[in-house]
Amino acid sequence: MLELVNVTKTFNLTGAAEDERTALDNITLQIKPGEFVTIIGGNGSGKSTTLNIVSGSLIPDKGKVLLNGRDITHLSEAKRAAYFGRVFQDPMRGTAADMSVLENLEVAFVRGRVHSPIKWGFSKEDKKYFIEELKRFGLGLEDRLNQKVGVMSGGQRQALTLLMATMRNRPNFNMMKHDYILFSGKGEELAKQEFENEFNLRKDELNKKLADIKADANLSKEEKKNKITLAKHEFDAAIRAKFDLTKQILLLDEHTAALDPKTAKKVLELTDKIVKENQMTTLMVTHNMKDALTYGTRLIMFHLGHIILDVSGKEKEKLTVEDLLKMFDEADKEAEM
């Protein structure tokens with residue numbers, strides 16, 4: 001779960017009260033795992049400031065940011081990269097223009113999961129995975145792996161950025177253990193003991209199964225190979241099902257605003273598909289109220305640093321663009337009084 005607890009952020013703290021602007025005013029917000037939250041509001045309402053505080057590019061003046069109960073308020077943006085993927089409004093951000101499509105994808109694939117300099121070199125499995133993912137966009141990117149990103153269109157570049165923000169190499173068991181201890185909320189010693197006990201139990205079961213397969217004289221060499229592969233896969237899946245807490249949270253900051261309508265629609269549809277398939281917790285800031293109603297499972301409206309609407313389910317489904325416009329007008333009138 002992602003939480004903002006009593007978060008306040010004020011800009012232009014120069015000492016002159018008239019220069020100050022409170023972007024967030026004592027905001028408390030809980031985002032449950034798997035929720036797709038669309039966020040709307042006028043300019044300066046606090047939408048992008050919220051994403052910046054969640055991502056770590058801004059530190060709140062007051063309050064805390066919690067991830068699975070752990071305080072990450074002062075965790076650097078670089079260290080949060082393992083847990084948050086972000087797509088900006090500007091298609092030029094989020095990718096390296098002088099690098100190829102393939103090189104950009106490889107960087108994203110290991111983002112935040114390695115502790116040493118990246119060594120260039122792409123396995124056949126990685127490349128095959130990238131191609132299959134790019135095909136889903138229907139923009140021909142799978143045939144342009146070696147092309148520099150800087151010469152691509154805005155739509156192609158934004159689609160690539162979206163893919164990069166939602167993909168990452170699966171962590172190894174040591175990284176998984178590290179994350180489980182940090183974010184399980186069970187305390188370091190208990191989480192460590194739980195992981196190690198389960199891992200060792202499953203490992204013993206795997207070793208016994210492998211020994212039985214190797215000793216089975218009725219199996220051919222190919223059959224043994226297939227059964228060993230399956231047993232290892234089952235072991236891996238069992239550990240991940242219980243302990244992998246590293247599923248990313250996706251942050252979308254008006255990510256289709258700079259695209260033409262046709263491309264924007266395509267990117268939004270792909271966004272929705274990726275989020276649903278991966279059950280990704282998602283925050284999407286948008287100025288398009290129709291998109292805010294069409295996509296997502298929950299809608300939040302900001303106004304002058306406050307949350308003035310928070311709806312989901314049937315309540316969200318009943319809303320219309322006209323309803324939202326009326327709420328905006330009423331909020332503006334109240335602020336002027």
Side-chain angles (χ1 to χ4, degrees), residues 1-77 79-80 83-86 88-89 182-183 185 249-254 281-287 289 292-293 296-313 315-316 319 323-337:
M1 180 182 288
L2 174 66
E3 299 176 81
L4 275 66
V5 182
N6 303 126
V7 168
T8 294
K9 183 64 182 179
T10 302
F11 295 100
N12 301 327
L13 288 169
T14 61
E18 63 271 18
D19 292 334
E20 293 183 7
R21 181 177 70 82
T22 300
L24 293 177
D25 189 0
N26 198 37
I27 291 293
T28 292
L29 179 63
Q30 293 184 339
I31 308 296
K32 297 176 183 178
E35 279 193 313
F36 184 172
V37 182
T38 56
I39 301 175
I40 59 175
N43 292 329
S45 63
K47 308 183 304 299
S48 292
T49 300
T50 298
L51 261 59
N52 287 332
I53 285 176
V54 168
S55 69
S57 61
L58 283 178
I59 304 297
D61 302 323
K62 298 178 182 178
K64 298 183 294 185
V65 181
L66 306 177
L67 183 59
N68 286 356
R70 184 175 180 83
D71 191 341
I72 62 169
T73 309
H74 297 283
L75 189 69
S76 71
E77 186 175 12
K79 289 184 177 180
R80 290 192 210 191
Y83 314 106
F84 296 92
R86 188 169 185 178
F88 297 89
Q89 176 179 342
L182 276 181
F183 298 109
I249 294 175
L250 181 59
L251 307 176
L252 305 171
D253 195 353
E254 299 184 60
T281 305
T282 303
L283 301 180
M284 183 176 85
V285 168
T286 178
H287 275 296
M289 286 178 281
L293 293 171
T297 58
R298 181 178 171 190
L299 184 148
I300 292 174
M301 181 187 290
F302 276 83
H303 183 71
L304 299 178
H306 296 274
I307 294 174
I308 62 171
L309 178 69
D310 186 347
V311 294
S312 57
E315 192 176 1
K316 177 179 181 289
L319 287 174
D323 292 330
L324 297 180
L325 287 171
K326 184 178 179 181
M327 291 178 195
F328 274 123
D329 288 340
E330 291 174 350
D332 284 336
K333 289 176 182 178
E334 288 181 12
E336 292 173 356
M337 293 175 63

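Position 1 is the first residue of the sequence, and the numbers go up from there.
Note that CG of Leu24 and CG of Leu304 are 11.5 Å apart. Values are rounded to the nearest 0.5 Å. Atom-to-atom distance recorded for Ile39:CD1 and Leu252:CG is 10.0 Å, nearest 0.5 angstrom. Atom CG of Leu299 is separated from atom CG of Asp310 by 8.5 Å, given to the nearest 0.5 angstrom.
Across Thr281 and Pro33, no two heavy atoms sit closer than the pair OG1-CA, 3.4 Å. A pairwise comparison of heavy atoms in Glu254 and Thr286 identifies CG-CA, 4.2 Å as the closest pair. Summarising the geometry of Lys64 relative to Val7, their closest heavy-atom pair is O-CG2, 3.5 Å, with the distance given to 0.1 Å. Between Ala292 and Thr38 the shortest heavy-atom distance is O-OG1, 3.0 Å. The two residues Leu58 and Lys9 come nearest to each other via the heavy atoms CD2-CE, 4.4 Å. Closest approach of Ile27 to Gly305, counting heavy atoms only: CD1-O, 3.3 Å.
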inquiry  = What verdict does the side chain to side chain contact (heavy atoms under 4.5 Å, CB included) test give for Met301 and Ile40, after you've listed the backbone C-alpha separation in whole Å, the side-chain angles of each residue and the deciding distance to 0.1 Å?
reply    = CA-CA 5 Å; Met301 181 187 290; Ile40 59 175; 3.8 Å; yes
query = Can Thr28 and Asn6 be said to form a side-chain hydrogen bond (donor to acceptor under 3.5 Å, both in side chains), step by step?
reply = CA-CA 5 Å; Thr28 292; Asn6 303 126; 3.3 Å; yes
request  = Given side chain to side chain contact (heavy atoms under 4.5 Å, CB included), test Met327 with His303 step by step and report yes or no.
outcome  = CA-CA 10 Å; Met327 291 178 195; His303 183 71; over 6 Å; no
task = Decide side chain to side chain contact (heavy atoms under 4.5 Å, CB included) for Ile307 and Phe302; before the verdict, give the C-alpha distance in whole Å, the side-chain angles of both, and the deciding distance to 0.1 Å.
result = CA-CA 5 Å; Ile307 294 174; Phe302 276 83; 3.9 Å; yes
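Between Val311 and Leu319 the shortest side-chain heavy-atom distance falls below 4.5 Å. Looking only at side-chain heavy atoms (C-beta outward), Asn43 and His287 come within less than 4.5 Å of each other. At least one side-chain heavy atom of Ile300 sits less than 4.5 Å from a side-chain heavy atom of Leu29. Counting heavy atoms from C-beta on, the side chains of Leu283 and Leu2 come closer than 4.5 Å. In this structure, Asp253 and Gln89 have side chains that are not in contact, with every pair of non-hydrogen atoms separated by 4.5 Å or more. Side-chain contact between Phe36 and Leu250 is absent, with no heavy-atom pair separated by less than 4.5 Å. Inter-residue side-chain proximity for Phe84 and Ile72 is flagged as met; some heavy-atom pair is nearer than 4.5 Å. In this structure the side chain of Val54 never reaches within 4.5 angstrom of the side chain of Ile31, judged on heavy atoms.
Side-chain N or O atoms of Thr22 include none that pairs as donor or acceptor with a backbone N or O of Thr10 at under 3.5 Å. A donor-acceptor contact shorter than 3.5 Å links the side chain of Ser45 to the backbone of Gly42.
In this structure, the side-chain contact (heavy atoms from CB on, under 4.5 Å) partners of Ser55, at least two apart in sequence or on a different chain, are Ser57, Glu77, Arg86, Leu251. Take Glu3 and apply the side chain to side chain donor-acceptor pair (under 3.5 Å) test, not counting sequence neighbours, and it matches Gln30.
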